[in-house]
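We're numbering straight along the sequence, starting at 1. No experiment lies behind these values; they were computed from the predicted model shown.
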Amino acid sequence: MKRIHALPPQLVNQIAAGEVVERPASVVKELVENALDAGATQVSIDIEKGGVGLIRISDNGGGIHHDDLSLSLSRHATSKIQSLTDLEKVMSLGFRGEALPSISSVSRLLLRSRTKADDTGWQVQGDGTEIETEATPVAHPVGTTVEVRDLFYNTPARRKFLKQDKTEFAHIDTVVRRVALSRFSVGFQLTHNSKVVFQSAPADSVELQQQRVAKVCGEAMVESAIRVEQKTDALSLSGWASLPTFSRSQGDMQYFYVSGRMIRDKLITHAVKLAYKDVLFGGRFPAYVLFLTIDPSEVDVNAHPTKQEVRFRESRGVHDFVYGCVKQAIANVRPEHSSGTVQMALAEAPQSQLDMAMPEPNEAQRSYSSAATPSYRVRSASAPAYSAGAGYTQASVSDQVSQYASLQNPDGGDDIGVESDTTGMPALGYAIAQLHGIYILSQSEAGLVLVDMHAAHERVTYEKLKTAVSQSRVISQPLLLPIQVTVSHAEAEIFEEHKAVLEQFGLLAMRHGEVLSIREIPALLSHTDGEQLLRDILSDLLEYGQSDRLEAMQNHLLATMACHGSVRANRQLTLPEMNALLRDMENTERSGQCNHGRPTWTVLDMKQLDQLFMRGQ
């Protein structure tokens, strides 16, 4: 065993650089965050050869005092914290004072800066040695410019692990776009080999902010997103979350920020994923850009060397808040009548200000709402009355059908005359026919609404079943012989903590040391493996502080019941039954998707129909 000895300062810096500087993208992240902390409103990032040749970050921030330039390249030197108390409420993005010395230890670094109080700029440089250089005057505007050349030139072992220039720049591009979403008030420009790749001016309005989101996530995401806005005394969540109809095969379009800091946190990811259950296909991922504002003293941003993971003091409360906000936003998306268009809009919810920007009616829609067009007559297939048990009887929908009565054939036949005056129509309009026993065709103010009747009825029935179960006590099934489950001490403790909650869901167990004895399970899950169910729940509780397995399994069973209890293809519905289903859809949460994530309805507006038939061309 060799003797203990102190490492040379240069080697210490290079080891520290391994935590901060993984690849060129890491350098860009650290330097751009420094620019934002300096109060910059414009940041320019110039890259050459994927960042290995050159990384130049220029900003118009407050600059660095010329006496502090040399000190800025020293380890553990920072202007952002002064005491341990400051670490308990960190407001800045970078604060350790390790970025610049770590970067300079593995590259040739040139730092230029000027403050408003100085008549000229000053510069200092580092090249991986411990030789300190004095600051020298240089022409420079107010702000800071950092040039990093020949990254890892003195650590070839690190350099050989870098990918091709194109790949490394792709990582830089991702980092810049993520940071750009965190500061709408700052303008960004990214160039690679003198070619502008990304550019965005400061965004002061919601419309401009949406444009920046579209540059990062694409127009399709913004067009399919709902605005989230929720606030309490301690927490605030805002941003955009995609409708379930817009999903991804991977979680590559999930941007979450805590007080302006971009993070990837499994607690937050779990909360959002939970909010999208029942409305997404299995294996699909939602897209979102969300901003959480929290008291700095309630979050520890010093939990990870790259500061991409954080710890919340009240993690359960944050999880439930994010979950509740996103879930409410999705649940309140309803079809709504507005300005002659069928749109997905948000119903009013207590303590929420959720809204979604929708386009103004186009010229074609305006012209069709006022032009006198002939009425259409559609032959409706005769059909037996629908089952009274499903609730779609003439008596139960008399209010909804009263406006429709004036459109029926006065002679009492099966022909239906749909008049041109559509003023006051419900969002999904009124049914005019059924297509192949599968789709409901409805005329609305916007145009033609197509409804998958099985998928729509499945969602309506499923939500009614969930409501019925939630409003009554869950029935439990006593076991003839208790199931003995041996668990760890941590699992036993977490069970004891959540025992009362599990009993509310019908799972009753008793603890005997580190053995749990299951006495009752939910009656709906009587054929479930009780031991495996309990182990899965305890695993979730240890990982996330809560478990939704009981609710998820119950909902899965209810979804199966709803699927089998919904109208099937080729089942002929009468017009009152079809209209009753449309009205129920308008009043049902998450009615835009069935339980499996498939859309339940779509609309072809008059402009689209005109294009199909080349009218006006």
Only counting residues at least two apart or in another chain, list the ones meeting salt bridge (charged side-chain N to carboxylate O under 4.0 Å, His left out) with Glu586.
-> Arg583
Of all residues at least two apart in sequence or in a different chain, which pass the salt bridge (charged side-chain N to carboxylate O under 4.0 Å, His left out) check with Glu493?
-> Arg511
Under 3.5 Å: donor-acceptor pair, side chain of [X], backbone of [Y]:
X: Thr486; Y: Val515; result: no
X: Asp452; Y: Thr600; result: no
X: Gln434; Y: Leu573; result: yes
X: Arg459; Y: Cys594; result: yes
X: Arg212; Y: Ala180; result: yes
X: Tyr257; Y: Arg178; result: yes
X: Glu531; Y: Gln484; result: no
X: Ser182; Y: Met262; result: no
X: Gln328; Y: Cys325; result: no
X: Thr588; Y: Ser591; result: no

Please report the shortest heavy-atom distance between [X] and [Y], naming the atom on each side.
X: Val279; Y: Tyr276; result: CG2-O, 3.0 Å
X: Ala427; Y: Ser444; result: O-CB, 3.9 Å
X: Pro244; Y: Gln593; result: CG-OE1, 3.4 Å
X: Gly429; Y: Asn579; result: O-OD1, 4.2 Å
X: Ser259; Y: Thr293; result: OG-CA, 4.2 Å
X: Leu280; Y: Pro286; result: CD1-CD, 3.7 Å

First locate atom [atom1] of [X], then atom [atom2] of [Y], and finally report the distance between them rounded to the nearest 0.5 Å.
X: Phe285; Y: Lys273; atom1: CZ; atom2: NZ; value: 6.5 Å
X: Ile268; Y: Leu292; atom1: CD1; atom2: CG; value: 6.0 Å
X: Arg571; Y: His457; atom1: CZ; atom2: NE2; value: 10.0 Å
X: Asp605; Y: Leu448; atom1: CG; atom2: CG; value: 10.5 Å
X: Phe256; Y: Leu237; atom1: CZ; atom2: CG; value: 5.5 Å
X: Met453; Y: Met585; atom1: CE; atom2: CE; value: 12.5 Å

Do other residues, nucleotides or ligands put more than 12 heavy atoms under 6.0 Å from the [atom1] atom of [X]?
X: Glu314; atom1: CD; value: no
X: Lys499; atom1: NZ; value: yes
X: His436; atom1: NE2; value: no

Any [X] side-chain heavy atom under 4.5 Å of [Y] side chain:
X: Cys217; Y: Val289; answer: yes
X: Gln477; Y: Pro522; answer: no
X: Leu508; Y: Ile518; answer: no
X: Val299; Y: Arg313; answer: no
X: Arg590; Y: Ile330; answer: yes
X: Gln230; Y: Phe321; answer: yes
X: Ser476; Y: Ile521; answer: no
X: Phe312; Y: Val258; answer: yes

Answer yes when Asp265 and Arg311 have at least one side-chain N-carboxylate O distance shorter than 4.0 Å, and no when they do not.
-> no
With side-chain contact (heavy atoms from CB on, under 4.5 Å) as the test, would you mind laying out the steps for Phe495 and Val487 before giving the verdict?
-> CA-CA 10 Å; Phe495 164 78; Val487 298; over 6 Å; no
Verify side-chain contact (heavy atoms from CB on, under 4.5 Å) between Tyr255 and Val213, making sure each step is shown before the conclusion.
-> CA-CA 10 Å; Tyr255 301 92; Val213 174; over 6 Å; no
Does the pair Leu538 and Ile494 meet the rule for a side-chain contact (heavy atoms from CB on, under 4.5 Å), with working shown?
-> CA-CA 7 Å; Leu538 295 177; Ile494 202 74; 3.9 Å; yes
Do the side-chain N and O atoms of Arg519 and Ser517 include a donor-acceptor pair separated by under 3.5 angstrom?
->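 Short answer, yes.
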Just do the salt bridge (Lys or Arg N to Asp or Glu O under 4.0 Å) check on Glu229 and Lys231 with the steps written out, would you?
-> CA-CA 7 Å; Glu229 197 78 35; Lys231 186 176 182 181; over 6 Å; no
Sequence neighbours excluded - side chain to side chain donor-acceptor pair (under 3.5 Å) pairs with any residue from residues 235-244 |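 Passing the test, one end in residues 235-244: no pairs.
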Would you check, one step at a time, whether the test ring-ring contact (aromatic ring centres under 6.0 Å, His included) holds for Phe291 with Phe184?
-> CA-CA 12 Å; Phe291 305 90; Phe184 288 114; 5.7 Å; yes
Could you walk me through whether Tyr323 and Val272 pass side-chain contact (heavy atoms from CB on, under 4.5 Å), step by step?
-> CA-CA 6 Å; Tyr323 162 69; Val272 179; over 6 Å; no
